[in-house]
Amino acid sequence: PVMEQPQRIDDFATIEAWSAQPADGVALTLAEDAGALRLDFDIPGGGWAIARRELSLDLPADYVFSFRLRGAARPNHLEFKLIDASGENVWWHVKRDLVFPEDWQTIRIKKRQLGFAWGPQGGGELRRLAAIEIAITAGQGGAGSVWIDDLTLEALPPQMEAPPPPLA
C-alpha cells in the first residue's frame, strides 16, 4: 500500500489561526516564538489553559496526529482534543502529570488512543474534524510555558485482519 505523506496542519510560522481560551482565573497568552506556538500560562488553582484552532478536515479511516513539544513548567496534564462541527462532541487523549521535556520531543497520538470524552453523541467515531484544542490542565498548576510545533496528521494503512489459526 502507498503511504500518504503526512498532512501538515500547522507549522506555526504564524499563530493567527489559534485562540486562547483559559478558564476563569487562569491566565493564558499565545505567542509565536521562533516558528513555534508558545503557551504562557498561570494556573493558580484548578482550571485549564486551552489553545484552540478551528479547522474543517475529513479524517482518514486510521490516523496518527503528531507534534513537537517542549516546556518549562511543573508537571500538569496535557490534553489533545478533537471537536466536531456541533462543538459539543469531544474526543481526547490525556497525558496526566506530564513532566514537560526541556528539549523538543515528538508526541504521537493514534486514533485508537483518542477516546470519546463528552457530548450528546455519546460516543462513536469522529469522521469530520471542526476544531483542535491543546490544553494544559491543572496537575501541580503554577506558571509556565509550553511550546508546540509541527502539527501533522498522517493517514495509516488499514489494519490487517488477524491471520487464520494455523492448521496442523
Side-chain angles (χ1 to χ4, degrees), residues 5-57 59 63-119 126 129-156:
Q5 287 297 315
Q7 179 180 354
R8 174 162 280 145
I9 293 172
D10 209 323
D11 63 4
F12 299 100
T14 65
I15 63 163
E16 281 82 31
W18 293 83
S19 63
Q21 301 192 344
D24 290 343
V26 171
L28 173 63
T29 54
L30 304 181
E32 187 278 323
D33 183 359
L37 172 65
R38 188 181 75 228
L39 291 76
D40 295 321
F41 59 88
D42 189 1
I43 304 174
W48 61 85
I50 293 174
R52 179 183 174 100
R53 177 171 173 175
E54 306 290 326
L55 179 75
S56 182
L57 187 66
L59 293 172
Y63 55 84
V64 59
F65 280 94
S66 65
F67 55 91
R68 294 186 329 125
L69 170 90
R70 69 183 181 92
R74 296 204 300 242
N76 281 295
H77 312 315
L78 177 71
E79 299 179 0
F80 182 80
K81 299 192 275 190
L82 304 178
I83 296 122
D84 73 0
S86 75
E88 296 180 8
N89 294 295
V90 178
W91 287 257
W92 69 348
H93 177 75
V94 182
K95 292 188 176 297
R96 299 199 182 279
D97 300 308
L98 180 65
V99 176
F100 292 95
E102 288 180 33
D103 297 319
W104 287 108
Q105 180 179 340
T106 299
I107 305 288
R108 291 174 55 86
I109 301 169
K110 293 182 178 175
K111 174 184 173 181
R112 63 178 167 76
Q113 295 173 299
L114 287 154
F116 185 77
W118 61 82
L126 178 63
L129 180 62
I132 291 177
E133 291 183 349
I134 297 172
I136 310 299
T137 61
Q140 294 184 12
S145 297
V146 169
W147 290 261
I148 306 284
D149 201 3
D150 295 331
L151 177 60
T152 61
L153 171 63
E154 182 180 351
L156 296 176

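What you see is a predicted model, and the numbers here were worked out from it, not measured in a lab. Atom set for the values below is all heavy atoms of this structure, side chains included, hydrogens, waters and symmetry mates excluded.
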For the [atom1] atom of [X] and the [atom2] atom of [Y], what is their distance to the nearest 0.5 Å?
X    : Y    : atom1 : atom2 : value
L98  : Q105 : CG    : CD    : 7.5 Å
Q113 : R108 : CD    : CZ    : 9.0 Å
Y63  : K111 : OH    : NZ    : 6.0 Å
I148 : I136 : CD1   : CD1   : 6.5 Å
D10  : L55  : CG    : CG    : 9.0 Å
L126 : I83  : CG    : CD1   : 9.5 Å

Restricting to non-hydrogen atoms, name the atom on [X] and the atom on [Y] that form the minimum distance, rounded to 0.1 Å.
X    : Y    : answer
A138 : G46  : CB-CA, 3.8 Å
L39  : A49  : CD2-O, 4.5 Å
D11  : R8   : CB-CD, 3.4 Å
A73  : G144 : CB-CA, 4.0 Å
R52  : E133 : NH1-OE2, 2.6 Å
L114 : H93  : CD2-N, 3.7 Å

Q: Please examine the side chains of I134 and L69, heavy atoms only from C-beta on, and report whether any two atoms are closer than 4.5 Å.
A: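 L69 does not reach I134 side chain to side chain.
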Q. F65 versus I9: any side-chain heavy-atom pair under 4.5 Å?
A.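 Yes. Closest side-chain heavy atoms under 4.5 Å.
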Q: Report the C-alpha distance between I50 and T137 in whole Å, list the side-chain angles of each, state the deciding distance to 0.1 Å, and finish with yes or no for side chain to side chain contact (heavy atoms under 4.5 Å, CB included).
A: CA-CA 8 Å; I50 293 174; T137 61; over 6 Å; no
Q: Check the surroundings of atom CH2 in W48: do more than 12 heavy atoms from other residues, nucleotides or ligands lie under 6.0 Å from it?
A: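 Not more than 12 within 6.0 Å, no.
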Q.
What verdict does the side-chain hydrogen bond (donor to acceptor under 3.5 Å, both in side chains) test give for W104 and D149, after you've listed the backbone C-alpha separation in whole Å, the side-chain angles of each residue and the deciding distance to 0.1 Å?
A. CA-CA 9 Å; W104 287 108; D149 201 3; over 6 Å; no
Q: Return the orientation label for the W18 and F12 ring planes: parallel under 30°, perpendicular over 60°, tilted otherwise.
A: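 Rings of W18 and F12: tilted, 30 to 60°.
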Q. Passes side chain to side chain contact (heavy atoms under 4.5 Å, CB included), W91 versus L129? Steps please.
A. CA-CA 10 Å; W91 287 257; L129 180 62; over 6 Å; no
Q: For V146 and R38, run side chain to side chain contact (heavy atoms under 4.5 Å, CB included): C-alpha distance rounded to whole Å, both residues' side-chain angles, the deciding distance at 0.1 Å, then the answer.
A: CA-CA 6 Å; V146 169; R38 188 181 75 228; over 6 Å; no
Q: State whether the side chain of N76 and the backbone N or O of Q140 hold a donor-acceptor pair below 3.5 Å, judged by distance alone.
A: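 Between the backbone of Q140 and the side chain of N76 there is a qualifying donor-acceptor contact (under 3.5 Å).
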Q. Step by step, would you call W92 with L82 a side chain to side chain contact (heavy atoms under 4.5 Å, CB included)?
A. CA-CA 6 Å; W92 69 348; L82 304 178; over 6 Å; no
Q. Taking it one step at a time, do D103 and R70 satisfy salt bridge (Lys or Arg N to Asp or Glu O under 4.0 Å)?
A. CA-CA 6 Å; D103 297 319; R70 69 183 181 92; over 6 Å; no
